[in-house]
Amino acid sequence: MRIVLVGPPGAGKGTQAAYLAKNLSIPHISTGDLFRANISQGTPLGKQAQEYMKAGRLVPDEVTIGMAKDRLEQPDAAEGFLLDGFPRNLNQAKVLDEILDEKGIALDGVLDLEVPEDEVVKRIAGRRVCRNESSHVFHVTYSPPKTEGVCDVCGGELYQRDDDSEDTVRKRLEVYHRETEPVIDYYKAQGLVVTISALGKVTEVTQRAMEALRLKTG
Ligand code: AMP
């Protein structure tokens, strides 16, 4: 199955993507995670991306598209994938269509996670992420780890992302409305979008998502 996951920052895309990819036996491809891995390894690509990410802006397409294309060409993505955080603007969406067209394949669905804006800011301001695995996510108030600063799942160090400050979140939301929402309309015109609420427990949202995808893709 070939799925794109969209939703504002703080909708829980990374968390849901990890569960959904596991349930569907497809790789979870997150451009944000790929950038963060490049940054922590100090690669030239990481250096190019860093300042944009810190400012809550999109990394330029010249950098992002090549990286996403390379990842989609890996053998594990041949039979399906769950894209998280890509495409994030109309140009990326059109290029993704071209990449898939060339291979004679197409997307099966686009899952749109909906969450009210005030909830987004609350979620992100308290978010703490594991350094070992970005889908291990906690919240200082809503889902605190048993020991402060330590991941319950793997013992990794929890940290606050550079781009999770309130100012940067507002910038990321602005970018989302301007650049990414048109992508949802683009996919709506292709009849691919299924929208679900991202409110409630993580397991409830996963169930809702699985059911919506099953109905959409058969
Ligand atoms: P995420 O982990 O998906 O929230 O992404 C974190 C940051 O990485 C974004 O705010 C952007 O700066 C950058 N980023 C991730 N995916 C893309 C993309 N498809 N296009 C441009 N920038 C991206």
Side-chain angles (χ1 to χ4, degrees), residues 4-18 27-74 77 81-99 110-113 115 117 119-137 157-187 198:
V4 165
L5 194 58
V6 290
K13 290 192 298 295
T15 307
Q16 289 304 327
H28 167 203
I29 299 181
S30 154
T31 40
D33 283 353
L34 291 172
F35 284 132
R36 281 183 286 276
N38 274 280
I39 290 172
S40 63
Q41 288 156 21
T43 68
L45 191 147
K47 290 197 176 101
Q48 279 177 292
Q50 198 160 22
E51 289 312 310
Y52 294 96
M53 288 178 76
K54 215 168 170 178
R57 296 168 58 200
L58 293 189
V59 178
D61 285 356
E62 301 82 75
V63 179
T64 307
I65 289 173
M67 180 184 74
K69 194 165 183 231
D70 284 350
R71 180 62 189 88
L72 285 168
E73 241 121 60
Q74 301 294 310
F81 50 76
L82 185 95
L83 273 174
D84 158 15
F86 184 90
R88 241 175 167 106
N89 63 24
L90 265 184
N91 183 48
Q92 293 178 10
K94 287 178 185 163
V95 173
L96 177 62
D97 273 352
E98 284 165 20
I99 294 171
V110 174
L111 183 67
D112 170 27
L113 296 182
V115 59
E117 202 143 313
E119 177 71 16
V120 160
V121 178
K122 274 193 266 171
R123 281 187 185 191
I124 292 200
R127 174 158 78 174
R128 298 293 180 272
V129 186
C130 175
R131 283 213 190 269
N132 295 340
E133 168 52 60
S134 65
S135 65
H136 299 166
V137 182
E157 183 199 353
L158 298 180
Y159 77 109
Q160 182 170 33
R161 277 172 43 174
D162 260 0
D163 57 350
D164 274 357
S165 68
E166 190 163 335
D167 273 0
T168 312
V169 171
R170 298 213 179 270
K171 177 72 192 163
R172 286 160 67 198
L173 273 167
E174 192 190 305
V175 169
Y176 181 76
H177 291 312
R178 194 181 58 237
E179 304 271 342
T180 311
E181 278 179 353
V183 173
I184 303 178
D185 292 333
Y186 174 80
Y187 286 133

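Proximity of Glu117 to His177: side-chain heavy atoms (C-beta onward) are separated by under 4.5 Å at one or more points. The shortest side-chain heavy-atom distance between Leu82 and Pro27 does not fall under the 4.5 Å cut-off.
With hydrogens and angles ignored, the 3.5 Å screen pairs no side-chain donor or acceptor of Lys54 with any backbone N or O of Asp162. Formation of a donor-acceptor pair under 3.5 Å by the Thr180 side chain with backbone atoms of Arg88 is found in this model. The backbone N or O of Ala125 lies less than 3.5 Å from a partner atom in the side chain of Gln160, making a donor-acceptor pair. The main-chain N or O of Val59 is found under 3.5 Å from a side-chain atom of Thr64 such that the two form a donor-acceptor pair.
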(request) In sequence, state the C-alpha distance, the side-chain angles, and the governing distance for Arg172 and Val175, and then conclude on side chain to side chain contact (heavy atoms under 4.5 Å, CB included). (result) CA-CA 5 Å; Arg172 286 160 67 198; Val175 169; 5.6 Å; no
(message) As a quick check of understanding, evaluate side chain to side chain contact (heavy atoms under 4.5 Å, CB included) for Leu158 and His136, giving each step before the final call.
(response) CA-CA 9 Å; Leu158 298 180; His136 299 166; 5.8 Å; no
(request) Would you sort out whether Val4 and Leu96 count as a side chain to side chain contact (heavy atoms under 4.5 Å, CB included), showing the intermediate values? (result) CA-CA 11 Å; Val4 165; Leu96 177 62; 4.2 Å; yes
(request) Kindly determine whether Gln50 and Met53 satisfy side chain to side chain contact (heavy atoms under 4.5 Å, CB included), including the steps that lead there. (result) CA-CA 5 Å; Gln50 198 160 22; Met53 288 178 76; over 6 Å; no
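Scanning all heavy atoms of the two residues, the minimum distance from Pro87 to Tyr187 falls at CG-OH, 3.2 Å. Nearest approach of Phe35 to Ala49, heavy atoms of both residues: CD2-CB, 3.5 Å. Shown here for Pro8 and Leu113, the closest heavy-atom pair between the two residues is CD-O, 3.4 Å. For Gly14 against Ser135, the heavy-atom pair with the smallest separation is O-CB, 4.1 Å. When all heavy atoms of Ala17 and Asp84 are compared, the pair lying nearest together is CB-OD2, 3.9 Å. The minimum heavy-atom distance linking Val6 with Tyr176 is given by the pair C-OH, 4.4 Å.
Under a 4.0 Å N-O distance rule, the pair Glu174/Arg170 does not qualify as a salt bridge. Remark: Asp164 engages Arg127 in a salt bridge, criterion side-chain N to carboxylate O under 4.0 Å.
Atom-to-atom distance recorded for Glu166:CD and Thr168:OG1 is 10.0 Å, nearest 0.5 angstrom. Distance check, rounded to the nearest 0.5 Å: CG of Leu83 to NZ of Lys13 gives 12.5 Å. Here the CZ-OG1 distance, from Arg36 to Thr31, works out to 8.5 Å after rounding to the nearest 0.5 Å. Distance check, rounded to the nearest 0.5 Å: NZ of Lys171 to CG of Asp167 gives 11.5 Å. Ile29 contributes atom CD1, which lies 7.5 Å from atom CG of Leu34 (distance to the nearest 0.5 angstrom). Taking CD1 of Ile39 as the start and CD of Gln48 as the end, the distance is 11.0 Å to the nearest 0.5 Å.
Between the side chains of His28 and Gln16, no donor-acceptor pair is found at a separation under 3.5 Å. Side-chain polar atoms of Asp97 and Tyr186 form a donor-acceptor pair below 3.5 angstrom. For the 3.5 Å distance criterion, the side chains of Asp33 and Ser134 qualify, holding a donor opposite an acceptor. Between Gln41 and Thr43, the side chains place no donor N or O within less than 3.5 Å of an acceptor N or O (distance only, hydrogens not considered).
Figure legend: Arg57 and Tyr52 shown without cation-pi pairing, the cationic atom not lying both under 6.0 angstrom from the six-membered ring centre and within 45 degrees of its axis.
A side-chain contact (heavy atoms from CB on, under 4.5 Å) with Asp112 is found for one member of Ile184, Val183, Leu5 and no other, namely Ile184.
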